[in-house]
Amino acid sequence: MKSLLRLALSAAAIPFLLTHTAMAGGVNGAPAPFDKGGVKVALVSYISAGDFFQAYQAGAEAQAKALDIDLRVFPGRQDAAAQREQILQAINLGVSAIVIDHGLPESLGDVVQQALDKGIKVVAFDVNLNNPKIPQVEQSDHELAELALKQAVKDNGDSFKAGYVYVAGFAPLDRRNEVWETFKKQNAGIVEKARFGNVSDTTATSTADQAKAALTANPDIGVIFAPYDEFARGVKLAATDLGIVNKLKIYSADVSTADIQEITEPGSPWVATVATNPSVVGAVSIRAAALQVAGQDVPHKITVKPTLLTQDGLRAAGVRTIEELAQKVPAFSTSDAVTASWIPQKLF
Ligand code: SR1
């Protein structure tokens with residue numbers, strides 16, 4: 001963690017000068033329409049429960065406020081039909097841009113095309129809309145999974161029995177799964193004994209029930225790859241109920257203040273996570289929308305790079321909250337993805 005912190009600090013060269021501020025009626029020095037303010041943008045989510053999605057939304061709201069954007073938030077209910085309906089509502093509201101946060105591509109294609117046909121800019125976070133006009137934001141999920149699995153090998157060697165938590169159909173989980181599949185092929189000594197998972201409004205508790213059954217049936221499992229923090233919480237709950245926390249190590253994704261507490265508490269089996277600050281990712285998504293609305297270029301693939309956070313590293317650094325993490329690792333307070341001199345950026 002120390003070397004990571006050092007590396008992150010030296011790479012911190014994201015100088016910040018707040019020369020452009022949102023004022024009532026627009027951003028000083030911004031191009032149209034942001035010079036006048038009140039640009040309507042919609043954030044349409046598929047999932048809104050859980051720390052990651054709440055922090056993502058908070059980051060989007062903070063960046064929108066700094067740009068004097070009138071952000072309309074449509075909360076997700078893991079309901080594809082509702083998400084389609086919300087995109088149509090956003091179109092009818094006359095928004096200039098729509099940020100789509102997760103979702104099922106097969107149910108979004110035609111409504112997203114309707115938005116594009118009306119000249120509305122679209123940004124996709126973690127849902128593959130496969131359209132060259134739509135910038136795709138992601139957290140470099142391949143690198144995220146690789147960092148977590150490399151740490152698992154560092155801690156446990158290259159021969160162990162594993163449990164794996166996965167639900168197909170979610171772009172970030174599918175990308176992380178590609179790495180897991182390759183990893184197993186390259187490490188014959190690593191055997192996947194059980195696979196389970198659930199994404200719902202009760203992901204952690206439902207995953208806990210599944211994990212209990214899997215761990216009871218496979219008492220030789222020593223490592224769990226659970227690349228979503230709600231999955232890791234579920235497995236940790238199960239391990240605690242079964243009284244096997246000292247026999248299990250959990251490697252995960254994502255971070256929040258609650259996660260840091262769960263990782264660093266005495267005896268926790270959750271030993272590493274690989275994460276971005278979801279608020280930063282939310283802010284990046286809004287900036288991608290704003291740049292497009294201002295007629296400026298946005299890359300097709302926008303990546304916010306994750307950082308490995310180990311239990312040992314967090315404990316040694318005395319980090320207890322996401323705010324403390326942001327103070328120590330600059331990548332957790334800002335990103336240099338899709339910036340412009342007129343966009344205020346210091347938000348968290
Ligand atoms: C159900 S998908 C969950 C993931 O989406 C975001 O990419 C977060 O990293 C989370 O792990």
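Both ligands and their constituent atoms are indexed starting at 1 by order of listing.
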Ligand 1 polar-atom proximity to protein (N/O, under 3.5 Å):
unit_1	atom_1	unit_2	atom_2	d
ligand 1	5 (O)	His102	NE2	2.8
ligand 1	7 (O)	Asp126	OD2	2.5
ligand 1	7 (O)	Gln139	NE2	2.9
ligand 1	7 (O)	Arg176	NH2	3.3
ligand 1	9 (O)	Gln139	NE2	2.8
ligand 1	9 (O)	Arg176	NH2	2.9
ligand 1	9 (O)	Asp254	OD1	2.5
ligand 1	11 (O)	Arg176	NH1	2.8
ligand 1	11 (O)	Asp254	OD1	3.3
ligand 1	11 (O)	Asp254	OD2	2.6

By side-chain contact (heavy atoms from CB on, under 4.5 Å), Ser107 pairs with (sequence neighbours left out) Ala80, Arg84, Leu104

Glu138 and Thr303: side chain donor to acceptor below 3.5 Å: no

| said: If you define the side chain from C-beta out and look only at heavy atoms, does anything of Pro33 sit under 4.5 Å from Val293? | reply: yes

Per salt bridge (charged side-chain N to carboxylate O under 4.0 Å, His left out), Asp220 is matched among Lys247, Lys193, Lys161 by Lys193

Hits for ring pair (Phe, Tyr, Trp, His ring centres under 6.0 Å) against Phe225, two or more places apart or cross-chain, chain-then-number order -> Tyr164, Trp180

Residue pairs meeting side-chain hydrogen bond (donor to acceptor under 3.5 Å, both in side chains), one or both in residues 253-263, sequence neighbours left out, come to Asp51-Ser256, Arg233-Asp259, Lys236-Glu262, Ser256-Asp259

